[in-house]
Amino acid sequence: MTACIVGWAHTPFGKLDDPDIESLFGRVARAAIEDAGIGAAEVDGAFVGVFNGGFSKQDFFASLLLQSLPELRFKPTTRYENACATGSAAIHGALDFLAAKRGRFALVVGAEKMTATPGAQIGDILLGASYRRDEGEIPAGFAGVFGRIAESYFQRHGDQSDALAVIAAKNHRNGVSNPYAQMRKDLGFAFCRAESERNPFVAPPLKRTDCSLVSDGAAALILTDEETARGMAKAVHFRAAVQTTDLMPIAARDIVRFEGARAAWGQALAETGLALSDLSFVETHDCFTIAELIEYEAMGLAPEGQGARAALEGWTAKDGRLPVNPSGGLKSKGHPIGATGVSMHVLAAMQLTGTAGEMQLPKADRAGVFNMGGAAVANYCSILERLG
């Protein structure tokens, strides 16, 4: 890849006062342009990620972006949707735009407004990212889908509730240092491990602390070609950007293996000639703690069935062999669907440029970013490093 990230912006995630997507766009679109040090008129195309699915009666979000940036009038803007990987889908659209030399600067914006929707309706909307014909009646919505995945994993590899609690506690601990995170509270292992009134089962064996948060929020990036990026104040290079798609029905595949994620990671590392051990950290898609556990195996950090070791032995802690989710991940940060993939790339870029503040790792040379739509259906893997 020859594209680079040269600017970004990020709102806090959580229950925000912003009334709609239009307001969220306004908070990040121009801010990312200004962060890159360019004028809004220099943006040649915009790529918008919004899942929606019923969260908003307003749709057609690509055109809505012009309300915040009238300078984009008569320029190409396109809306992308690919379940929880919607933000990464928009990034890939921008990468293709630049590779085709259709423009020099591309704006990517991801956003979602979820908290104004009633809880039962949220659950039904999110089930749209599963195979409704087979999975539409699973109790507890999408959490129920991952509850079944966790059950299947436990049946094959043993009860890993301790490891899931370690993952939850790690991500909440990391999120304390993230100014954008929805929940900045170190809950601790004991709280995450025990069922309680404040931490009930949502979809056994998954408890509330195993599930990412319903959120509002937005993030934005400016991308450009490598030649242009070399003359700018900061630049993070895409060494690889891979997408794989797997079958949607969980009954049609070995769901505890996340084979699409394995394929994406394998292709990305092969493209770069790197090993997983060459990465300084990973931001991965912990929509549920069981997802992060299986992703350890999919990325090659642990052998199949042994992902728990990576958590229990501290491999993925901030001071471990491969820090995973130093931002706090979706678990602590929140998961506004359309914003998530963009946010993960923003936070990785901050680490790589030494601008992550209290989140900053002592060593941040290369990053892996894995964003997933559905139950390992849409799989996006990026390898990033600071442009030298």
Side-chain angles (χ1 to χ4, degrees), residues 1-6 8 82 85 87-101 106 108 221-230 232 234-246 258-285 292 294-303 310 315-316 320-327 341-354 356 361-373 376 378-388:
M1 300 295 300
T2 58
C4 298
I5 300 167
V6 294
W8 51 79
N82 216 4
S88 289
I91 290 172
H92 277 233
L95 293 174
D96 291 344
F97 177 81
L98 295 172
K101 301 189 184 303
V108 180
L221 294 167
I222 296 293
L223 304 182
T224 191
D225 61 89
E226 183 178 335
E227 182 179 357
T228 300
R230 290 194 178 278
M232 303 190 74
K234 59 188 178 188
V236 172
H237 180 219
F238 279 86
R239 288 281 302 270
V242 170
Q243 176 195 1
T244 66
T245 305
D246 205 348
F258 281 18
E259 292 163 288
R262 288 172 183 268
W265 270 104
Q267 291 179 35
L269 291 171
E271 273 187 27
T272 61
L274 298 172
L276 191 70
S277 58
D278 293 318
L279 304 182
S280 305
F281 68 97
V282 166
E283 286 288 337
T284 201
H285 193 97
E292 180 167 329
I294 298 173
E295 286 158 20
Y296 295 161
E297 300 170 16
M299 71 178 73
L301 180 60
W315 301 357
T316 58
R321 66 170 71 170
L322 182 67
V324 174
N325 289 335
S327 68
V342 183
S343 166
M344 296 170 89
H345 285 79
V346 168
L347 290 159
M350 290 172 66
Q351 288 283 356
L352 294 169
T353 53
L361 296 167
K363 181 177 185 291
D365 300 326
R366 297 189 190 94
V369 176
F370 177 73
N371 182 205
M372 179 174 78
N379 305 278
Y380 291 81
C381 186
S382 301
I383 306 295
L384 305 174
E385 68 180 2
R386 187 168 184 170
L387 186 65

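We count residues from 1, following the sequence as given. In this text the structure is predicted, and so the values were computed from the model without any measurement.
Taking the six-membered ring for Trp, H345 and Y380 have ring centres at least 6.0 Å apart.
C4 places none of its side-chain heavy atoms less than 4.5 Å from the side chain of F238. A heavy-atom distance below 4.5 Å is found between the side chains of V282 and L322. Within the 4.5 Å cutoff, the side chain of I5 has no heavy atoms near those of the I222 side chain. At a threshold of 4.5 Å between non-hydrogen side-chain atoms, the residues R262 and M299 do not count as touching. Using a 4.5 Å cut-off on side-chain heavy atoms (C-beta onward), L387 and V236 make no contact. Side-chain atoms of R386 and H237, non-hydrogen and from C-beta on, never get closer than 4.5 Å to each other.
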Q: Dump the intermediate steps for side chain to side chain contact (heavy atoms under 4.5 Å, CB included) on D365 and L352, then the final yes or no.
A: CA-CA 6 Å; D365 300 326; L352 294 169; 5.6 Å; no
(Q) Working note: L301 + W265, criterion side chain to side chain contact (heavy atoms under 4.5 Å, CB included); need CA distance, chi angles, decisive distance, verdict. (A) CA-CA 11 Å; L301 180 60; W265 270 104; over 6 Å; no
(Q) Show, in sequence, the C-alpha distance, side-chain angles and deciding distance for R366 and R239, and conclude whether the side chain to side chain contact (heavy atoms under 4.5 Å, CB included) test is met. (A) CA-CA 9 Å; R366 297 189 190 94; R239 288 281 302 270; 3.9 Å; yes
(Q) Pair K234, V6 - check side chain to side chain contact (heavy atoms under 4.5 Å, CB included), show working. (A) CA-CA 6 Å; K234 59 188 178 188; V6 294; 5.6 Å; no
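Across every non-hydrogen atom of M344 and F370, the tightest pair is CE-O, 3.1 Å. Contact detail for E271 and A240: the closest heavy-atom pair is OE1-CB, 3.6 Å. Closest approach of S327 and E283 over heavy atoms only: OG-OE1, 2.8 Å. Minimum heavy-atom separation, L361 to P326: CD1-CG, 4.0 Å. In plain terms, the two heavy atoms of H285 and M372 that are nearest each other are CE1-O, 3.1 Å. What you find for V108 and G87 is that their closest heavy atoms are CG1-O, 4.5 Å.
Remark: T244 engages V242, A263, A264, Q267, N379 in a side chain to side chain contact (heavy atoms under 4.5 Å, CB included) (not counting sequence neighbours).
Side-chain atoms of T353 come within 3.5 Å of backbone N or O of A349 as a donor-acceptor pair.
One distance of note links CZ of F258 with CD of E297; it measures 10.0 Å at 0.5 Å rounding. Distance OG/S382 to CG/L95: 7.5 Å, rounded to 0.5 Å. For the atom pair L269 CG and D278 CG, the distance stands at 8.5 Å (nearest 0.5 Å). In this structure, CG in L274 is found 7.0 Å from CD in E385, a value given to the nearest 0.5 Å. Atoms CG and SG, on N371 and C381 in that order, are 10.5 Å from each other to the nearest 0.5 Å.
L98 pairs in a side chain to side chain contact (heavy atoms under 4.5 Å, CB included) with only one of the listed residues (T228, L223, T2), which is L223.
In the model, E292 has no side-chain atom that pairs as donor or acceptor with a side-chain atom of T284 under 3.5 Å.
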